[in-house]
Amino acid sequence: MSKGYATRMLSLLHYALAIPSPAIPSFPEDEFGTPPSPEHSPRNATYSTLWSDVGRDFYRTIKIGRGEESREGWIVGADQEVRYELPPSNEEEIGSTSLPQGWRSFHSISDIPSELLNTLSLRTLITAQEQTSAKTLAYDAPTSPGLLEFTITRSVRFTPAVVLERNGGAIQHVYINDSTVPPSFLVLAPTYTPNEPHTLKISYLSLTPVTEEATRQQFTDLFTLLYSRAKEYSCTQIEGWQLPQPLIDAWQQWTRENGGKLISHVREEHLGALAWYGAGTPADVEMVGGQL
Ligand SMILES: *[C@@H]1O[C@H](CO)[C@@H](O)[C@H](O)[C@H]1NC(C)=O
Ligand SMILES: *[C@@H]1O[C@H](CO)[C@@H](O)[C@H](O)[C@H]1NC(C)=O
């Protein structure tokens, strides 16, 4: 699809989604002709989120409306990422296959009861509400099975045969520690893209706080789990998004003792962005949830 056509399609999409209001510039008929027909246009959304690899410059070109009254469409929000590059090692070296105490693994999201996913989703929202000063939150449920499955599905295509053989033909994607209520929960997506390092992506992480004395151990265990899975799945780096600071501290500690490199960066692919159609300015709205 050429970028010109994509820009046009995405600009039109705002007019298929956004609730009509004075906040939405009039439809640019000069450029686009007649507006999208109502049967393809629910026009019932106060916001929309876009997750895409097209890049932030492209997002900026997709305005709502044209000319002086035009306003910004999708604005990139979640893009802070941490990457840990494992120290170089013998290819044959495989991490411990046993999980740290308390953790169990599952192949897929469909093995997990939906009530648990809903509980964790709600917790993400409540935590965000406690931490933000934004007036409005635009929420993308991070544990919706569709979102979680998508992240896994987009990453499995090039899984090397040796990795699958080593793991009995399937990768364990979901990890639960139910020593707390609700359990701690982790979703991993090993990704194998041609010409790029094999990367273990932390697709979703929800940690239930433990007592203060146990916190350090909790994060060390979690890092051990990630490290051993990276080794088992032949990944040379681990990537995570909006991770808790104590986990980053535990990684830093590990790096000092064992080598490797920890890098914070702003990611340029699979950027999450929010288009706000409601009253007020987009600056008053914070995007919460989403996916890696
Ligand atoms: C908007 O309309 C679509 C199509 O009818 C429907 O699937 C969706 O649930 C509606 N969304 C809201 C927020 O009402
Ligand atoms: C996992 O469970 C163990 C013991 O069962 C506990 O010590 C540890 O803190 C738990 N970790 C997390 C992240 O919940």
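Ring pair Phe223/Tyr84: centre-to-centre distance below 6.0 Å. Proximity of the aromatic rings of Tyr47 and Tyr277 is defined here by a centroid distance below 6.0 angstrom, and this criterion is not met. Ring pair Trp51/Phe150: centre-to-centre distance not below 6.0 Å.
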**OP:** May I have the step-by-step check of side-chain hydrogen bond (donor to acceptor under 3.5 Å, both in side chains) for Thr136 and Trp276, ending in yes or no?
**Re:** CA-CA 11 Å; Thr136 307; Trp276 178 249; over 6 Å; no
Original post:
Passes side chain to side chain contact (heavy atoms under 4.5 Å, CB included), Ile19 versus Ile24? Steps please.
Top reply: CA-CA 8 Å; Ile19 292 179; Ile24 303 299; over 6 Å; no
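Applying the side chain to side chain donor-acceptor pair (under 3.5 Å) test to residues at least two apart or on different chains, none of the pairs has a partner in residues 184-197.
With sequence neighbours excluded, no residue forms a salt bridge (Lys or Arg N to Asp or Glu O under 4.0 Å) with Arg123. In terms of the side chain to side chain contact (heavy atoms under 4.5 Å, CB included) criterion, residue partners of Asp53 (sequence neighbours excluded) are, by chain and number, Arg154, Glu269, His270.
A 6.0 Å sphere centred on CZ of Arg56 holds more than 12 heavy atoms belonging to other residues, nucleotides or ligands.
To the nearest 0.5 angstrom, Phe185 atom CZ is 12.0 Å from Tyr175 atom OH. Taking CZ from Arg83 and CZ from Arg267, the interatomic distance works out to 11.5 Å, rounded to the nearest 0.5 Å. In this structure, Leu120 CG and Thr127 OG1 are separated by 10.5 Å, a value rounded to the nearest 0.5 Å. Atom-to-atom distance recorded for Gln80:CD and Leu243:CG is 11.0 Å, nearest 0.5 angstrom.
In plain terms, the two heavy atoms of Leu148 and Ser203 that are nearest each other are CD2-OG, 4.2 Å. Annotation for Ala250 and Thr220: closest pair CB-N, 4.5 Å, computed over non-hydrogen atoms.
In this model, a donor atom of one side chain and an acceptor atom of the other lie less than 3.5 Å apart for Arg66 and Ser11. No hydrogens or angles considered: a donor-acceptor pair under 3.5 Å links the side chains of Thr199 and Gln237.
One N or O on the side chain of Tyr233 and one on the backbone of Gln172 form a donor-acceptor pair closer than 3.5 Å.
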